[in-house]
Amino acid sequence: MQILSLHFSMYTVGGIWRPVEWSSDGAKLLYSIFTFIIVSSEYFLMITQFMDIVLVVDNIDDFTANTLMFLTIVAVCCKATVVVVRRNAIINIVQLLLKAPHKPRNEDEVAIQTKFDKFIRTFTLRYTFLATGSITGLTLGSILNAMHGHLPYRVWLPWNYDIPLVFWIISIHQILTLLFACIINVGTETLVLGLLIQTCAQLEIFESRLHKFIINKTVRDLGHTLSTSNKNEVGISECVHYHLSIYKFAKTVNVIFNQVLFVQFFSSIIVLCTCVYYLSTHTAELSGLVSFLVYTICMFAQIFVYCWSGNEVILKSTSIGDTIYRTDWPLLSIREKKGLLMIMMRSTIPIKFTSSFLITLSLQSYSNILKTSYSVFNVLQK
């Protein structure tokens, strides 16, 4: 798939996305086995961490540290499961952008699509670089823990792992599992952002297409006094259909990733509150403080990516009405004015991406999350 190819390449490396163009049954079987190993490893780490929290942890510091990692792996498991289970739906929604009416029709529309594609790719590379720095530090810390005789991440296991060979197998398995978890995390976050920005691209292409339609219709009416033809009626009907198709596209994206957004925001709110509280009570422990501080910053950035991209879609979808009002619409026919009125009325209801009932992706929601985290922090301090 040409659109968002970088994101699907990440998924392929992460083990949860078999390339669409593969035709060999043997390659498909081997990759399916690889996917099963990766996903089962993520779930195994999640379950063993949960068992450690329930059966072993007996103080607030260990509970805080284990809960942060546990919630992160829960989110990764949810993302991996959604991508694997809804693979066909994701393929269909991406291929929809390559078909009419979403496909660019002229040079201006191609330029708009290229502009947004470049932005998505640039942002993805920068976000990947940030995540690479974080996971590199985390991996180095895990290796040091293993070299000192401790598992990289605390888990509960039903067997004895004091034997050196077993210990190193488990340690390497945990480190590799976290590496793949990071790839899945980055791939999902940038893919969701890419689909939201593609929605903005579609809205801008729609504005360009509608503007050209009105200009061409006005020029024809000024040059010829003939009555409205069927060709003109098809033009405005196509614009109305395209506008509704964009809303349908956005709704489908939201349905596909609804559970991912819910789990991400629910876990993020808990993690932020826990991290801020831990940082405030352990200011003297520099080594532990740095890792929690980096983790907190990454979590803030993670939520901001979702909220900012959702906010851009809201702003872009509500600007359609103003764009229509500023055009030369008085010379259009009654039917065409009615078509524009339908588009303007529909644009009064913005396109919103939501995480179930929990939150709407917007900068206002991001501000509310920060306020909620601070309020919970004050409660915990008391």
Side-chain angles (χ1 to χ4, degrees), residues 3-4 89-90 93-94 96-97 101-102 104 109 112-113 115-117 119-120 123 189-211 213-214 236-262 264-266 268-269 302-327 329 337-372:
I3 295 180
L4 305 173
I90 296 174
I93 199 66
V94 174
L96 191 65
L97 297 174
H102 301 276
E109 294 182 5
I112 294 172
Q113 183 67 57
K115 178 185 70 173
F116 281 94
D117 287 343
F119 173 81
I120 294 170
F123 181 89
E189 287 157 15
T190 53
L191 176 63
V192 173
L193 175 132
L195 290 171
L196 266 62
I197 298 301
Q198 287 293 343
T199 306
C200 292
Q202 289 297 309
L203 289 168
E204 189 161 323
I205 290 174
F206 170 76
E207 289 180 357
S208 174
R209 193 173 297 177
L210 184 63
H211 183 65
F213 164 76
I214 295 176
I236 191 63
S237 64
E238 284 183 349
C239 290
V240 174
H241 172 68
Y242 183 26
H243 190 235
L244 294 176
S245 296
I246 296 174
Y247 273 76
K248 184 178 179 181
F249 169 82
K251 182 179 180 180
T252 305
V253 172
N254 200 169
V255 169
I256 292 174
F257 294 99
N258 189 28
Q259 287 78 15
V260 170
L261 296 175
F262 174 77
Q264 181 65 60
F265 276 88
F266 181 76
S268 296
I269 292 173
Q302 193 176 44
I303 299 176
F304 180 78
V305 166
Y306 288 110
C307 291
W308 175 82
S309 55
N311 193 74
E312 289 297 303
V313 176
I314 292 175
L315 295 177
K316 197 69 177 176
S317 61
T318 53
S319 68
I320 297 294
D322 294 335
T323 301
I324 294 175
Y325 189 77
R326 289 194 297 267
T327 59
W329 53 267
K337 289 178 182 178
K338 288 181 178 179
L340 292 182
L341 183 60
M342 289 176 60
I343 296 173
M344 293 178 71
M345 292 177 64
R346 185 65 183 89
S347 65
T348 58
I349 304 175
I351 298 175
K352 293 183 179 181
F353 290 87
T354 60
S355 56
S356 296
F357 60 88
L358 186 63
I359 199 169
T360 299
L361 303 190
S362 66
L363 293 181
Q364 180 62 41
S365 298
Y366 184 73
S367 175
N368 293 336
I369 290 174
L370 299 185
K371 293 177 181 178
T372 302

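Hydrogens, waters and symmetry mates play no part in the numbers below; they use all other heavy atoms, side chains included.
- Without hydrogens or angle criteria, N368 side chain to Q364 main chain gives a donor-acceptor distance under 3.5 Å.
- At least one side-chain heavy atom of F257 sits less than 4.5 Å from a side-chain heavy atom of L191.
- Below 30°, between 30° and 60°, or above 60°: for Y242 and F206 the angle between ring planes is above 60°, a perpendicular geometry.
- Contact annotation: the side chain of I214 approaches that of L340 to within less than 4.5 Å [non-hydrogen atoms, C-beta and beyond].
- Of all heavy-atom pairs spanning S309 and I197, the tightest one is CB-CD1, 4.5 Å.
- Checked by atom type and distance alone, the side chain of S317 pairs as donor or acceptor with a backbone atom of I351 at under 3.5 Å.
- Taken to the nearest 0.5 Å, the CD1 atom of I369 stands 12.0 Å off from the CZ atom of F304.
- Shown here for Q259 and I256, the closest heavy-atom pair between the two residues is OE1-O, 4.2 Å.
- Taking a 6.0 Å sphere around NZ of K115, one finds it holds more than 12 heavy atoms contributed by other residues, nucleotides or ligands.
- Remark: F116 CZ is packed, more than 12 non-hydrogen atoms of other residues, nucleotides or ligands lying under 6.0 Å away.
- When all heavy atoms of L196 and Y306 are compared, the pair lying nearest together is CD2-O, 4.4 Å.
- Salt bridge R209/E238: absent, no basic N to carboxylate O contact under 4.0 Å.
- Here CD of Q264 is found 10.5 Å from CG of L361. Values are rounded to the nearest 0.5 Å.
- Across all non-hydrogen atoms, the minimal contact from I120 to G194 is CD1-O, 3.5 Å.
- Residues I314 and K352 have side chains in contact (heavy-atom distance under 4.5 Å, counting atoms from C-beta outward).
- With a 6.0 Å radius and a threshold of 12 heavy atoms from other residues, nucleotides or ligands, M344 has its CE atom above the threshold.
- A perpendicular orientation is assigned to the rings of H243 and Y247, their planes being inclined by more than 60° (bins at 30° and 60°).
- A 4.5 Å side-chain heavy-atom check between T323 and L210 finds every atom pair outside the cut-off.
- Residue K338 qualifies as open at atom NZ: its count of foreign heavy atoms under 6.0 Å is 12 or below.
- Put simply, the side chain of T252 gets close to the backbone of K248: a donor and an acceptor are under 3.5 Å apart.
- Here I93 contributes atom CD1 and L195 contributes atom CG; the two are 7.5 Å apart, rounded to the nearest 0.5 Å.
- Between T199 and F353, some side-chain heavy-atom pair lies under the 4.5 Å cut-off.
- Proximity of I205 to P104: side-chain heavy atoms (C-beta onward) are separated by under 4.5 Å at one or more points.
- Put simply, the side chain of S208 never gets that close to the backbone of E204: no donor and acceptor are under 3.5 Å apart.
- Proximity of T354 to N254: side-chain heavy atoms (C-beta onward) are separated by under 4.5 Å at one or more points.
- Annotation: the span from E312 atom CD to L193 atom CG amounts to 9.5 Å, rounded to 0.5 Å.
- Inter-residue side-chain proximity for S245 and H102 is flagged as met; some heavy-atom pair is nearer than 4.5 Å.
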Run the side chain to side chain contact (heavy atoms under 4.5 Å, CB included) check on Q198 and D117 step by step: do they pass?
CA-CA 8 Å; Q198 287 293 343; D117 287 343; 2.8 Å; yes
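- Of the inter-residue distances, the one linking C239 atom SG with M342 atom CE reads 12.0 Å to the nearest 0.5 angstrom.
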